[in-house]
Chemist: 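Pasting a structure below so you can have a look.
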There are 2 protein chains.
Amino acid sequence: MQFAGSPSPDTPRMFLSGTTQYAIRAVIHVAEHAADEPLRVDDIAAALDVPRNYLSKTLHQLVRAGVLKSGRGPRGGFQLAEPPDALTLARVAAPFDDLANRQCLLGRATCTSRRPCSAHGRWESISTQMLTFFGHTTIADLMAEIAERPSTAPVHDRPPAASLRTSGPPRGRTARRARAAP
Amino acid sequence: MQFAGSPSPDTPRMFLSGTTQYAIRAVIHVAEHAADEPLRVDDIAAALDVPRNYLSKTLHQLVRAGVLKSGRGPRGGFQLAEPPDALTLARVAAPFDDLANRQCLLGRATCTSRRPCSAHGRWESISTQMLTFFGHTTIADLMAEIAERPSTAPVHDRPPAASLRTSGPPRGRTARRARAAP
DNA sequence: TGCATTTATCATGTGGATATGATAAACTCG
DNA sequence: CGAGTTTATCATATCCACATGATAAATGCA
């Protein structure tokens with residue numbers, strides 16, 4: 001099956017907004033790092049290759065949404081506010097994109113669940129599957145396996161990760177970031 | 001399951017662009033009318049409750065795409081260029097929204113079919129179903145039954161719809177369009 | 001032919017998503 | 001405390017989807 005070879009717009013319309021994509025990727029990236037060491041915006045932005053200042057604002061929204069924790073100053077940065085298997089994509093996307101509230105496929109003002117339009121029923125099953133996907137898939141599901149660990153083991157049975165900083169040992173701070181300060 | 005009660009944006013992001021929605025609805029509306037009488041922009045815009053001039057431009061793009069035919073002057077207007085069961089949603093949407101070319105869910109530049117990102121496989125099956133939906137659903141599938149019809153019958157167990165008009169009896173043509181010209 | 005009708009095209013406006021740069025505020029540590 | 005680091009916030013800038021209004025071009029008909 002091969003859709004019409006029309007001219008079509010340059011940038012295909014994305015399912016998730018750019019900001020939502022940034023948010024999910026950022027949370028995944030944070031989750032893939034040691035939980036006891038916060039990640040700075042600069043590092044996240046560099047890793048994702050997205051604009052730093054814009055990402056900063058986006059991360060802040062995730063903090064307000066309770067997805068991330070943040071701290072300022074030296075040793076500041078971002079950490080997960082909850083374990084990765086508790087963070088669904090819907091939860092991460094919520095501040096930017098209300099996935100649950102997608103309405104009539106054709107934008108008909110008169111289309112309701114009472115009087116659905118002709119496209120409604122046909123689209124609904126797919127639409128429902130999408131909601132389920134975003135509601136059930138968690139950040140843990142999308143994390144790359146870190147270091148040693150049976151490659152496909154579910155994230156569940158991992159040790160509690162030392163209570164997310166707040167008290168852990170200083171841990172060296174071995175010269176990450178070779179950026180020369182001017 | 002109940003997504004986070006976040007503030008969330010005012011206008012939920014639509015799956016199809018507004019213009020694509022206009023286009024599909026317009027084509028359905030044209031298809032629901034007698035094939036031998038062109039429909040004017042004013043009538044279509046009024047029926048869909050969308051801005052007239054903008055719709056005009058959109059309809060013209062459908063003409064260039066071979067979905068509609070148009071004529072100017074008195075007795076001008078728009079008609080289908082092909083029978084409704086030959087017009088898939090993908091075909092109608094193509095000039096505005098390249099559905100087939102949706103890329104990585106998370107917008108990752110490095111995500112390819114060779115090296116898919118962690119979200120890729122999980123999303124793919126849903127994504128594929130959407131493509132199939134738009135590639136298989138036709139305008140004929142979405143047309144309201146014209147004239148007499150059992151009011152709430154589910155769409156399934158309906159008789160095959162008599163090869164979808166194209167040759168049925170003229171079916172009345174009772175005084176449409178009562179606009180008094182000034 | 002001349003006029004009314006209707007689509008085609010052009011010029012421009014508006015709002016939101018995305019992005020940038022500068023400044024303020026909070027935090028750590030010598 | 002004071003200096004350096006890092007997030008939080010503010011003030012704009014840009015681009016595109018969507019929209020508006022005016023004008024041009026084509027068509028049918030008296």
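Values below: every heavy atom of this structure, side chains too, minus hydrogens, waters and symmetry copies. In this text, all values refer to a predicted model and were calculated from it rather than measured experimentally. By convention in this document, chain letters (A, B, ...) are assigned in the order of the sequence lines, proteins followed by strands, and residues within each chain are numbered from 1.
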Chemist: Can you find a side chain N or O atom of His60(B) that sits less than 4.0 Å from OP1 or OP2 on dT7(C)?
Modeler: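 The answer is no; no side-chain N or O of His60(B) sits under 4.0 Å from OP1 or OP2.
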Chemist: dT5(C) P sits how many Å from Phe78(B) CZ, rounded?
Modeler: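 So the two atoms are 18 Å apart, to the nearest Å.
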Chemist: Which nucleotide wins on minimum distance to the side chain of Pro51(A), given the candidates dA19(C), dT6(C), dT6(D)?
Modeler: dA19(C)
Chemist: What residues, two or more places apart in sequence or in another chain, satisfy ring pair (Phe, Tyr, Trp, His ring centres under 6.0 Å) together with Phe133(A)?
Modeler: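 Partners of Phe133(A) by the ring pair (Phe, Tyr, Trp, His ring centres under 6.0 Å) criterion, ordered by chain and then number, come out as Trp123(B).
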Chemist: Using whole Å, report how far CZ of Phe96(A) lies from P of dG16(C).
Modeler: 18 Å
Chemist: Which part of the nucleic acid, if any, lies within reach of Val63(A) when heavy atoms closer than 4.0 Å are counted: base, sugar-phosphate only, or nothing?
Modeler: nothing
Chemist: Within a reach of under 6.0 Å around CZ of Arg75(B), are more than 12 heavy atoms found that belong to other residues, nucleotides or ligands?
Modeler: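 Atom CZ in Arg75(B) is not packed in, count stays at 12 or less.
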Chemist: If you take all heavy atoms of Ala26(B) and Leu55(B), which pair is closest and at what distance?
Modeler: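 Taking Ala26(B) first and Leu55(B) second, the nearest heavy atoms are CB-CD1, 4.3 Å.
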Chemist: For dA8(C), does either OP1 or OP2 sit under 4.0 Å from a side-chain N or O belonging to Ser70(B)?
Modeler: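 Yes, such a contact exists.
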Chemist: Quick one: Leu59(B) CG to dT7(C) C1', roughly how many Å, whole number?
Modeler: 10 Å
Chemist: Looking only at heavy atoms, which two atoms of Thr20(B) and Ser17(B) are closest? And how far apart?
Modeler: OG1-OG, 2.8 Å
Chemist: Please name all residues satisfying side-chain contact (heavy atoms from CB on, under 4.5 Å) with Arg64(B), sequence neighbours left out, ordered by chain then number.
Modeler: His60(B), Gln61(B)
Chemist: Whole-Å distance between dG16(C) P and Met14(B) CE?
Modeler: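 Distance check: Met14(B) CE to dG16(C) P gives 13 Å.
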Chemist: What pairs with Arg72(A) under side-chain contact (heavy atoms from CB on, under 4.5 Å), at least two apart in sequence or on another chain?
Modeler: none
Chemist: Across nucleotides 22-30 of chain D, 5' to 3', mark each nucleotide with B, S or - according to how protein heavy atoms within less than 4.0 Å reach it.
Modeler: ---BSBSS-
Chemist: Round to a whole Å and report the spacing from CZ of Arg13(B) to C1' of dC18(D).
Modeler: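 Atom CZ in Arg13(B) sits about 15 Å away from atom C1' in dC18(D).
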Chemist: Just how far, in rounded Å, is P of dG21(C) from CZ of Arg52(A)?
Modeler: 12 Å
Chemist: For Tyr54(B) and Thr19(B), does a side-chain donor sit closer than 3.5 Å to a side-chain acceptor?
Modeler: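 Side-chain D/A pair, Tyr54(B) to Thr19(B): present.
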Chemist: Starting from C1' on dC16(D), measure out to OH on Tyr54(B) and report it in whole angstrom.
Modeler: 10 Å
Chemist: Got a sec? Which of residues 15-25 of chain A come in under 4.0 Å of DNA chain C, heavy atoms?
Modeler: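 Ser17(A), Gly18(A), Thr19(A), Tyr22(A) - these, ordered by number, are the residues of the stretch whose heavy atoms sit under 4.0 Å from the strand.
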Chemist: Nearest whole Å is fine: how far is dA8(C) P from Asp42(B) CG?
Modeler: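 About 13 Å, once rounded to whole Å.
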Chemist: Between Leu80(A) and Val30(A), what is the shortest heavy-atom contact and its length?
Modeler: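 Closest heavy-atom pair between Leu80(A) and Val30(A): N-CG1, 3.8 Å.
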Chemist: Tell me, which pairs form a salt bridge (charged side-chain N to carboxylate O under 4.0 Å, His left out) where one or both residues lie in residues 108-127 of chain B, sequence neighbours left out?
Modeler: none
